[in-house]
Participant: 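Got a structure here, written out as structure tokens. Questions coming.
Bear in mind that the values here come from a model prediction, so they are computed numbers and not experimental data.
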Amino acid sequence: MHNIHFIRENPVEFDNQLKKRGIKSFSETIIKIDEEKRKSQTSLQKLQEERNNVSKEIGLLKSKNQDSSELLKKVEKIKNDMQVLKELEDIKNDELNGILKNLPNLPSNDVPVGLDEKSNVEIKKWGSPPNFDFKPKNHYEIGENLGLMDFELASKLSGSRFVILRGMLSKLERALTQYMLDKHTTQNGYTEINTPVLVKEHTLYGTGQLPKFVDDLFTVGDDFWLIPTAEVTLTNIVRETIVNENLLPLRFTSNTQCFRSEAGAAGKDTRGMIRSHQFSKVELVSITKPEQSNDELERMLKSAESILQDLNIHYRIVTLSTGDMGFAANKTYDIEVWLPGENKYREISSCSNCGDFQSRRMNSRFKNTKENKTEYLHTLNGSGLAVGRTLISIMENYQNSDGSFNIPKVLIPYMNNIDKIH
RNA sequence: GGAGAGUUGGCUGAGCGGUUGAAAGCACUCGAUUUGAAAUCGAGCAAGGUGGCAACACCUUCCGGGGUUCGAAUCCCUGACUCUCCGCCA
């Protein structure tokens, strides 16, 4: 949610920044509605003041058993006038919020400008692609040939975009999750949290999935929604709270199942487990003071990278362009892992700084004791990492010509010391 | 699923139609005392908004929404959540 004061004072900048995301100018409309709202608000407040005063007088007269019928008539008229103004103010408020809640965050100034992923900028490569003396297979070929990955069976139970893992492959996914959580909690300073995956509507509003992205979400009777990412629950931990300054920054990590309808992705990545309705992800969330969030984004990115480095898998990092960023972000890095079977890079993590955008929606603040002010927190989130995609990157990068694949060194202890799946 | 109780400031918690935006305590900030600290004493301390150059004034907010009333934290309806007991159940 945007700060209306900022828009009032910097309408040109506001429009320019949104234009970078391909959004038309709104400041003029916003300011006009805001002025109308404030106008009726001010008049309404005058009447409220009058009513309060008259009511006090009435109370006084009544306590002395004196006649107050004159004042009662007066207050009745005030109340009628108030009602009109109140309705007007409500209408204007709804209009204003209707616009504001659907506008994405402003991009940070160091974000490359562009309309889509073509303008993303590669900023780093780590490691190098493995050399194979055979034609590397896709993860689903490997998995299906080994009899450990079953899409048909999954669809029998749940339709398309689900997968069933068996035996050692299922164990490998569990090992990966375990490894990631251990790493983040013991070395990267995150606190492990186990959250619900069903949430109420307001929770999804807080992080910005609602109201705009209803179609991407699954809902389950009685105002329950399935989370599309643990960002939702981890970030909403500070919803409606004033956090003690000394506790900042807060760093949370959680492994959850994530649920996405993939409504806009019909026909895309239908084969394999790149894009499922349900997948496991280890998420990282940081809650910081405003001046800390830029550094925290770099730190978070390093935490996510550390997993792929430990696994020794080639990846690159891109800064998302203004047109490719998510709704709540002001800056986003994607980590893209190398998939030899597809012969391309694929997103495996997305780390974003949301500034105070989500905080304003959630009303999450901290007390700045030095200046004796309450201020909005900054929130950040990143995958650390998407477990399913990490699993397939291991399969493809560690595959052997005979259809087997090796277990990365760091995971062997988590796999009862086996070093190969065949 | 049935019965009941609750939701008040950063926290604990009083208030149950009119000087209550809210007692008291804790926490926090400043000051006094002290060699320093603790203890003690004094003072301050909710948020959001509107108007104003400002000093400041005013409005709103006691879980959300609606209502009764001249006036609501307080009464009524409704929704969400929490707790207790019973039933059922992983």
Side-chain angles (χ1 to χ4, degrees), chain A residues 1-9 30-97 100-101 194-206 210-211 219-225 232-233 236-248 250 257 287 289 356 359-377:
Chain A
M1 187 68 95
H2 291 285
N3 181 357
I4 185 72
H5 292 103
F6 176 84
I7 302 174
R8 260 185 235 154
E9 283 156 32
I30 291 172
I31 289 173
K32 184 167 164 277
I33 300 171
D34 178 52
E35 270 167 11
E36 290 165 351
K37 185 205 98 177
R38 276 150 63 212
K39 209 173 139 196
S40 27
Q41 185 180 8
T42 308
S43 324
L44 178 64
Q45 289 184 355
K46 288 228 172 75
L47 289 178
Q48 282 169 330
E49 181 182 0
E50 224 178 301
R51 180 207 57 192
N52 291 345
N53 289 336
V54 175
S55 289
K56 260 180 203 157
E57 283 182 56
I58 292 172
L60 222 62
L61 287 179
K62 288 216 163 166
S63 69
K64 293 181 194 159
N65 269 326
Q66 290 177 347
D67 175 52
S68 58
S69 54
E70 206 57 25
L71 291 176
L72 286 174
K73 256 184 235 165
K74 194 171 162 188
V75 92
E76 196 180 342
K77 186 179 177 310
I78 294 174
K79 279 176 73 178
N80 285 334
D81 295 346
M82 271 173 58
Q83 202 181 347
V84 178
L85 286 168
K86 174 77 176 125
E87 276 164 21
L88 191 61
E89 192 195 333
D90 286 347
I91 289 167
K92 291 298 163 189
N93 238 335
D94 288 349
E95 268 182 58
L96 194 60
N97 286 331
L100 289 179
K101 70 188 177 189
N194 200 325
T195 81
V197 295
L198 285 173
V199 295
K200 296 283 182 185
E201 184 178 339
H202 58 244
T203 308
L204 286 156
Y205 179 85
L210 288 177
T219 177
V220 188
D222 289 341
D223 184 30
F224 281 120
W225 301 70
V232 172
T233 41
N236 272 281
I237 286 175
V238 293
R239 180 171 169 270
E240 304 259 300
T241 57
I242 298 179
V243 178
N244 187 330
E245 193 178 10
N246 304 325
L247 299 175
L248 299 171
L250 295 170
Q257 294 293 316
I287 313 285
K289 295 187 203 178
D356 64 6
S359 281
R360 287 180 183 279
R361 290 177 158 249
M362 297 188 297
N363 202 18
S364 302
R365 294 162 297 168
F366 73 100
K367 186 95 178 173
N368 182 336
T369 46
K370 213 169 180 181
E371 299 184 37
N372 198 29
K373 277 197 312 195
T374 45
E375 293 182 48
Y376 287 106
L377 292 160

Participant: Under 4.0 angstrom, heavy atoms only, what part of the nucleic acid is A:Asn52 near: base, sugar-phosphate, or nothing?
Facilitator: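 Sugar-phosphate, no base atom in range.
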Participant: Using the C1' atom as the point on both nucleotides, what is the distance between B:rA32 and B:rA37, in whole Å?
Facilitator: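 So the two C1' atoms sit 16 Å from each other.
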Participant: Nearest whole Å is fine: how far is B:rG49 P from A:Asp90 CG?
Facilitator: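 Roughly 18 Å, once rounded to whole Å.
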Participant: Look at the side chain of A:Arg365 and the backbone N and O of A:Lys373, then say whether any donor-acceptor pair between them is shorter than 3.5 Å.
Facilitator: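 No; judged by distance alone, with no hydrogens or angles, the pair does not exist.
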Participant: Students often get this wrong, so: under 4.0 angstrom with heavy atoms, is A:Lys200 touching a base, only sugar-phosphate, or nothing?
Facilitator: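 Since only primed, P, OP1 and OP2 atoms lie under 4.0 Å of A:Lys200, the category is sugar-phosphate.
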Participant: Strictly by Watson-Crick or wobble contacts shorter than 3.5 Å, is anything paired with B:rA46, and which nucleotide is it?
Facilitator: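 The answer is B:rU61, by the H-bond criterion.
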Participant: Counting only side-chain N and O atoms of A:His5, is one of them less than 4.0 Å from OP1 or OP2 of B:rG48?
Facilitator: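 Checking A:His5 against B:rG48: no side-chain N or O falls below 4.0 Å of OP1 or OP2.
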Participant: I'd like to check A:Leu60 versus A:Lys56 (side-chain heavy atoms, cut-off strictly below 4.5 Å). Are they in contact?
Facilitator: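 No; the side chains remain at least 4.5 Å from each other.
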Participant: Compare side-chain N and O positions of A:Lys79 against OP1 and OP2 of B:rG71 and report whether any pair is under 4.0 Å apart.
Facilitator: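 Affirmative; the distance criterion is met.
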Participant: What does A:Leu71 touch in the nucleic acid at a heavy-atom separation under 4.0 angstrom: a base, only the sugar-phosphate, or nothing?
Facilitator: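 A:Leu71: no heavy atom of the nucleic acid under 4.0 Å.
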Participant: Taking A:Arg51 for the side chain and A:Lys79 for the main chain, is one N or O donor matched with an acceptor at less than 3.5 Å?
Facilitator: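 Pair absent, no side-chain N/O of A:Arg51 close to backbone of A:Lys79.
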Participant: Checking the side chain of A:Asp356 only, and the main-chain atoms of A:Tyr376 only, is there a donor and an acceptor separated by less than 3.5 Å?
Facilitator: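 Between the backbone of A:Tyr376 and the side chain of A:Asp356 there is no qualifying donor-acceptor contact (under 3.5 Å).
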Participant: Could you tell me the Watson-Crick or G-U partner of B:rA3, where both distances fall under 3.5 Å? Say none if there is no partner.
Facilitator: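 Matched B:rA3 with B:rU84 under the 3.5 Å cut-off.
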Participant: Please state the P separation for the pair B:rG17 and B:rU7 - nearest whole angstrom.
Facilitator: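 The answer is 16 Å between these two P atoms.
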Participant: Toward the 5' end of RNA chain B, which comes first, A:Val54 or A:Thr42, by nearest nucleotide?
Facilitator: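 Nearest-nucleotide comparison on RNA chain B picks A:Thr42.
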Participant: Within the structure, does a side-chain N or O atom of A:Lys367 lie under 4.0 Å from either OP1 or OP2 of B:rA47?
Facilitator: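 Checking A:Lys367 against B:rA47: at least one side-chain N or O falls below 4.0 Å of OP1 or OP2.
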Participant: Given that A:Leu44 and A:Glu76 both sit by RNA chain B, which one's nearest nucleotide is further toward the 5' end?
Facilitator: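 Mapping each residue to its closest nucleotide by heavy atoms, the 5'-most match is A:Leu44.
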Participant: Could you state the CD1-C1' distance from A:Ile58 to B:rA72, rounded to the nearest angstrom?
Facilitator: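 Distance check: A:Ile58 CD1 to B:rA72 C1' gives 15 Å.
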Participant: Over all strands shown, is A:Arg8 touching base, sugar-phosphate only, or nothing at heavy-atom distances under 4.0 angstrom?
Facilitator: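 It contacts sugar-phosphate atoms only.
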Participant: Separation of A:Lys56 atom NZ from B:rG18 atom C1', in whole Å?
Facilitator: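 So the NZ-C1' distance, A:Lys56 to B:rG18, works out to 10 Å.
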Participant: Could you give the distance from CG (A:Leu85) to CD (A:Gln45), rounded to the nearest 0.5 Å?
Facilitator: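 Between atom CG of A:Leu85 and atom CD of A:Gln45 there are 11.0 Å.
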Participant: Nearest whole angstrom, please: distance from the C1' of B:rG65 to the NZ of A:Lys86.
Facilitator: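 Atom-to-atom, A:Lys86 to B:rG65, this comes out as 12 Å.
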Participant: Is a donor-acceptor contact shorter than 3.5 angstrom present between the side chain of A:Gln45 and the base of B:rG51?
Facilitator: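 Answer no: no donor N or O sits under 3.5 Å from an acceptor.
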Participant: Taking the side chain of A:Arg365 as its heavy atoms from C-beta onward, which of B:rC59, B:rA47, B:rG51 lies nearest to it?
Facilitator: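 Nucleotide nearest to A:Arg365's side chain: B:rA47.
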Participant: Tell me the interatomic distance from A:Ile242, atom CD1, to B:rA27, atom P, rounded to whole angstroms.
Facilitator: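 Answer to the nearest Å: 19 Å.
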Participant: Which of the following nucleotides, B:rU60, B:rG18, B:rG48, is nearest to the side chain of A:Arg51?
Facilitator: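 Per side-chain heavy atoms of A:Arg51, the pick is B:rU60.
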Participant: Measure the spacing between CD1 of A:Ile7 and CD1 of A:Ile31 and express it to the nearest 0.5 Å.
Facilitator: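 One finds 7.5 Å between CD1 of A:Ile7 and CD1 of A:Ile31.
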Participant: Could you state the CD-P distance from A:Gln48 to B:rU50, rounded to the nearest angstrom?
Facilitator: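 About 14 Å, once rounded to whole Å.
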Participant: Please state how far atom CD in A:Glu245 lies from atom C1' in B:rU29, giving the value in whole angstrom units.
Facilitator: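 After rounding, the gap between these two atoms is 13 Å.
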Participant: Check the phosphate of B:rG48 against A:Thr374, side-chain N and O only, distance under 4.0 Å to OP1 or OP2. Yes or no?
Facilitator: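 Yes.
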Participant: What distance, rounded to whole Å, do you find between the two P atoms, one in B:rA38 and one in B:rU34?
Facilitator: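 About 15 Å, rounded to a whole number of Å.
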Participant: Looking only at the side chain of A:Gln41 (C-beta and beyond, no hydrogens), which of the listed nucleotides B:rA47, B:rC59, B:rU50 gets closest?
Facilitator: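 Of all the options, the side chain of A:Gln41 is nearest to B:rU50.
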Participant: What is the distance from CD of A:Glu240 to C1' of B:rA46, rounded to the nearest Å?
Facilitator: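 Checked: the CD to C1' distance equals 15 Å.
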